[in-house]
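Just the heavy atoms: all of them, side chains too, but no hydrogens, waters or symmetry mates, feed the values below. Predicted, not measured: the structure shown is a model, and the values here were computed from it.
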Amino acid sequence: MSLSSHLQELKKKHQNLSENVEAMQRSPAADDIEIAKLKKQKLMLKEEITRLSTH
């Protein structure tokens, strides 16, 4: 897998996590722990994207 396609895949996953977090936050029965886990995954993806983009 090329670097650019890997970055695209990471960005797609990051966007999906963003949408999931937003949807869960709008839900009155949202699980705060699950939201926190998703946000942590989202942050890790963002850091990986940044790291790969700077090389």
Side-chain angles (χ1 to χ4, degrees):
M1 177 183 289
S2 72
L3 180 60
S4 62
S5 63
H6 185 60
L7 279 170
Q8 283 303 110
E9 189 63 31
L10 290 175
K11 288 177 183 179
K12 198 180 304 181
K13 287 180 182 180
H14 184 268
Q15 181 61 36
N16 288 339
L17 281 172
S18 290
E19 292 168 3
N20 288 343
V21 167
E22 288 176 24
M24 287 183 76
Q25 287 177 327
R26 287 192 296 268
S27 171
D31 180 0
D32 290 339
I33 294 172
E34 188 63 31
I35 291 172
K37 286 179 186 178
L38 291 176
K39 285 183 173 183
K40 187 170 184 172
Q41 288 176 7
K42 189 176 146 187
L43 178 60
M44 288 174 19
L45 281 173
K46 185 69 172 179
E47 289 172 346
E48 180 73 4
I49 291 166
T50 302
R51 186 181 67 78
L52 291 173
S53 295
T54 58
H55 284 93

Validation: residues 45-52 side-chain donor-acceptor distances under 3.5 Å, sequence neighbours left out:
residue, atom, partner, partner atom, Å
E48, OE1, R51, NE, 3.4
E48, OE1, R51, NH2, 3.2
E48, OE2, R51, NH2, 2.9
T50, OG1, K46, O, 2.9

Side-chain touch V21/Q25, heavy atoms, less than 4.5 angstrom: yes
Test side chain to side chain contact (heavy atoms under 4.5 Å, CB included) applied to D31 - qualifying residues, sequence neighbours left out: I33, E34
Atom pair CG (L3) and CD (Q8), whose distance is rounded to the nearest 0.5 Å: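 Taking CG in L3 and CD in Q8, the distance rounds to 10.5 Å.
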Residue pairs, two or more places apart or on separate chains, that pass side chain to side chain donor-acceptor pair (under 3.5 Å) and touch residues 10-23: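 Side chain to side chain donor-acceptor pair (under 3.5 Å) check on residues 10-23 returns Q15-E19, S18-K42.
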